Visitor: 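The structure follows.
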Amino acid sequence: MPELPEVESVRTSLEQLVLGKTIANVSVFYPRMMRPHADEFASALLGQHVSALRRRGKYLILELSGGLIVSHLRMSGKYFYHEGEVPLDKHARVQFDFSDGSHLVYQDVRKFGTMDYLNKDEEAAYFKSKKLGPEPVQEAFFYQPFIEGLKRSSRAIKPYLLDQKAVAGLGNIYVDEVLYQSRIHPERPAQSLSQKEAKALHQAIITVLALAIEKGGSTIRTYENLGQKGSMQDYLQVYGREGQPCRRCGHPIEKFKLGGRGTHICPQCQKGRS
DNA sequence: TTTACTGTTGCAGT
DNA sequence: AACTGCAACAGTAA
């Protein structure tokens with residue numbers, strides 16, 4: 001379930017459910033997903049309480065009294081919360097038991113997700129090594145550095161935006177949406193965008209992600225994310241709409257592969273290549 | 001039954 | 001250094 005808006009809704013839900021709770025026990029069912037490895041990870045957490053729920057790009061941060069858990073959901077990671085008994089789940093990877101008897105289970109069918117435990121003083125270096133761009137909000141994502149970055153790259157704009165360096169948080173759904181919104185073909189070289197297009201793109205990144213957060217993210221081909229179902233899927237203009245009419249011009253939405261990723265466009269509205 | 005597809009990222013190889 | 005292709009894995013749909 002993870003692009004920035006989905007991770008943000010998980011963050012909000014977790015804040016309601018586990019903030020302030022004390023970790024009484026940790027069970028690791030898939031040790032390979034975590035650093036440090038199982039035993040050390042689990043014992044570092046015992047007795048700590050959850051002091052904040054934060055997010056950086058698509059990374060979810062559970063801040064504890066003495067350190068932080070950085071959780072990345074990758075393709076299929078999900079959290080489940082239980083007050084009482086925890087149902088059997090073959091895809092459960094980690095389970096946190098809190099001292100009040102509630103439980104938080106991390107489930108991940110495809111096992112791509114990661115969970116790292118850091119000391120507080122390691123956080124800065126951790127995210128620095130990821131080379132994450134700014135958060136896609138007005139106060140952090142500035143137009144000038146963005147367009148300067150664009151001008152330095154001959155890469156197609158879609159893979160350029162997907163690599164998280166220009167701006168954090170876009171994934172395959174929302175990158176297609178922002179390019180549609182700003183009428184830019186995904187194969188256009190980054191440096192070929194006009195001033196006007198770059199401006200429109202910059203603005204679209206901010207507004208589309210803000211709308212998606214407001215709608216609780218998209219719930220697509222999987223259900224629940226901690227009980228909350230997002231409604232952003234009802235507002236998507238191109239993603240998952242292959243063959244359906246463009247809401248602006250009526251031309252059927254097309255789908256093709258770009259850099260290994262399914263890519264959705266309106267060929268009428270997004271010119272420049274194709 | 002095979003093959004292609006899937007809200008991601010990091011790494012090896014140009 | 002920037003960029004491309006692919007692997008990590010499991011389930012679903014055609």
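Below, read A as the first sequence line, B as the second, and so on, with proteins coming before strands; counting in each chain starts at 1. From a predicted model like this one, the values you see are computed outputs, not experimental measurements.
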Visitor: Looking at A/H72, does any N or O in its side chain come under 4.0 Å of the phosphate oxygens OP1/OP2 on B/dT9?
Guide: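 A/H72 to B/dT9 OP1/OP2: side-chain N or O found under 4.0 Å.
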
Visitor: For DNA chain C, list all stems, counting runs of three or more consecutive pairs where every pair is Watson-Crick or G-U wobble with both distances under 3.5 Å.
Guide: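 Runs of three or more consecutive pairs: B:2-6 with C:10-14, B:8-14 with C:2-8.
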
Visitor: Are A/L179 and A/Y235 co-members of a hydrophobic cluster defined by side-chain heavy atoms under 4.5 Å apart?
Guide: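 Yes, it is one cluster - the side chains of A/Y235 and A/L179 are joined through contacts under 4.5 Å.
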
Visitor: When you look at A/V105 and A/F96, which way does the side chain to side chain contact (heavy atoms under 4.5 Å, CB included) test go after all the steps?
Guide: CA-CA 6 Å; A/V105 175; A/F96 303 91; over 6 Å; no

Visitor: Respond yes when some side-chain nitrogen or oxygen of A/K255 is under 4.0 Å from OP1 or OP2 of B/dT6, and no when none is.
Guide: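 So the side-chain polar atoms of A/K255 do come within 4.0 Å of the phosphate oxygens OP1 or OP2 of B/dT6, strictly under.
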
Visitor: Strictly below 4.0 Å, N to O, side chains only: are A/D234 and A/K215 in salt-bridge contact?
Guide: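 No, A/D234 and A/K215 are not salt-bridged.
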
Visitor: Do you see a donor-acceptor pair shorter than 3.5 Å between the side chains of A/T263 and A/K257?
Guide: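 No, no side-chain donor-acceptor contact under 3.5 Å.
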
Visitor: Between A/K151 and A/E148, does at least one N-O distance fall below 4.0 Å, as a salt bridge requires?
Guide: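 No salt bridge links A/K151 with A/E148.
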
Visitor: Quick one: A/R261 CZ to B/dC5 P, roughly how many Å, whole number?
Guide: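 Interatomic distance, CZ of A/R261 to P of B/dC5: 12 Å.
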
Visitor: Strictly below 4.0 Å: does A/K111 bring a side-chain N or O up to OP1 or OP2 of B/dT9?
Guide: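 For A/K111, the contact criterion (side-chain N or O under 4.0 Å from OP1 or OP2 of B/dT9) is not met.
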
Visitor: Hey, is the side chain of A/K130 poking within less than 4.0 Å of OP1 or OP2 on B/dT9, counting only N and O atoms?
Guide: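 No, no such contact exists.
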
Visitor: Specify the separation, in whole Å, of atom CZ of A/R152 and atom C1' of C/dC3.
Guide: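 Distance check: A/R152 CZ to C/dC3 C1' gives 15 Å.
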
Visitor: Heavy-atom contacts under 4.0 Å between residues 27-42 of chain A and DNA chain B, which residues?
Guide: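 When residues 27-42 of chain A is checked for heavy atoms under 4.0 Å from DNA chain B, there are no hits whatsoever.
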
Visitor: Which whole number of Å gives the distance between the C1' atom of C/dC6 and that of B/dA4?
Guide: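 To the nearest whole Å, 16 Å.
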
Visitor: Over all strands shown, is A/Y59 touching base, sugar-phosphate only, or nothing at heavy-atom distances under 4.0 angstrom?
Guide: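 Sugar-phosphate, backbone atoms only, no base.
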
Visitor: Starting at CD1 of A/I220 and ending at P of B/dC5, how long is that distance when rounded to a whole Å?
Guide: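 Going from A/I220 (CD1) to B/dC5 (P), I get 17 Å.
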
Visitor: Are A/L64 and A/L53 linked, directly or through other ILVMFWY residues, by side chains that come within less than 4.5 angstrom of each other?
Guide: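 Yes, it is one cluster - the side chains of A/L64 and A/L53 are joined through contacts under 4.5 Å.
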
Visitor: Check the distance between C/dC3's P and A/D163's CG and give it to me in whole angstrom.
Guide: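 Atom-to-atom, A/D163 to C/dC3, this comes out as 8 Å.
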
Visitor: Using the salt bridge (Lys or Arg N to Asp or Glu O under 4.0 Å) rule, pick out the option among A/K130, A/R54, A/K128, A/R56 that qualifies with A/E123.
Guide: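 Output: one option passes, namely A/R54.
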
Visitor: Considering only side-chain heavy atoms of A/H91, which listed nucleotide, C/dC3, C/dG11, B/dT6, is closest?
Guide: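 The listed nucleotide nearest to A/H91's side chain is C/dG11.
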
Visitor: By nearest atom, which of the nucleotides C/dG11, B/dT6, B/dT8 is closest to the A/E3 side chain?
Guide: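 The nucleotide sitting nearest to the side chain is B/dT8.
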
Visitor: Without decimals, in angstroms, what is the distance between A/F112 CZ and B/dT6 C1'?
Guide: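 Computing the A/F112:CZ to B/dT6:C1' distance gives 10 Å.
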
Visitor: Can A/K21 and A/D100 be counted as an ion pair, charged N to O under 4.0 angstrom?
Guide: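 Here A/K21 pairs with A/D100 in a salt bridge, since their nearest N and O are under 4.0 Å apart.
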
Visitor: Which part of the nucleic acid, if any, lies within contact of A/K131, taking any heavy atom under 4.0 Å across all strands shown: a base, the sugar-phosphate backbone alone, or nothing?
Guide: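 It contacts nothing in the nucleic acid.
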
Visitor: Once you apply a heavy-atom cut-off of 4.0 Å, does A/G260 come out as touching a base, just sugar-phosphate, or nothing?
Guide: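 No contact.
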
Visitor: I need the minimum non-hydrogen distance between A/G216 and A/S9, along with the two atoms involved.
Guide: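 The answer is O-OG, 3.1 Å.
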
Visitor: Provide the distance between the two P atoms, one in B/dC11 and one in C/dC9, to the nearest whole Å.
Guide: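 Result for the P pair: 15 Å, nearest Å.
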
Visitor: Check the distance between B/dG10's P and A/L132's CG and give it to me in whole angstrom.
Guide: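 It is 9 Å, rounded to the nearest whole Å.
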
Visitor: Below the 4.0 Å mark, does B/dT9 have OP1 or OP2 next to a side-chain nitrogen or oxygen of A/Q164?
Guide: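 Yes, because at least one side-chain N or O of A/Q164 sits under 4.0 Å from OP1 or OP2 of B/dT9.
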
Visitor: What nucleic acid atoms does A/G262 come within less than 4.0 Å of, heavy atoms only: base, sugar-phosphate, or nothing?
Guide: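 The residue A/G262 makes sugar-phosphate contact but no base contact.
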
Visitor: Rounded off to whole Å, could you give me the CZ-to-P distance for the A/F127 and B/dT9 pair?
Guide: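 From A/F127 CZ to B/dT9 P: 12 Å.
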
Visitor: Could you tell me whether the phosphate oxygens of C/dC3, OP1 or OP2, come under 4.0 Å of any side-chain nitrogen or oxygen in A/S153?
Guide: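 Yes, such a contact exists.
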
Visitor: Just the rounded figure in Å: distance from P of C/dC6 to CG of A/L258.
Guide: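 For the pair A/L258 CG and C/dC6 P, the rounded distance is 15 Å.
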
Visitor: Hey, can you tell me if A/F141 and A/H202 have their rings parallel, tilted or perpendicular (30° and 60° cut-offs)?
Guide: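 Correct class here is tilted.
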
Visitor: Would you say C/dT4 has OP1 or OP2 under 4.0 Å from some side-chain N or O of A/R155?
Guide: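 Yes, because at least one side-chain N or O of A/R155 sits under 4.0 Å from OP1 or OP2 of C/dT4.
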
Visitor: Between A/E135 and A/R55, does at least one N-O distance fall below 4.0 Å, as a salt bridge requires?
Guide: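 The answer is yes: the pair qualifies as a salt bridge.
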
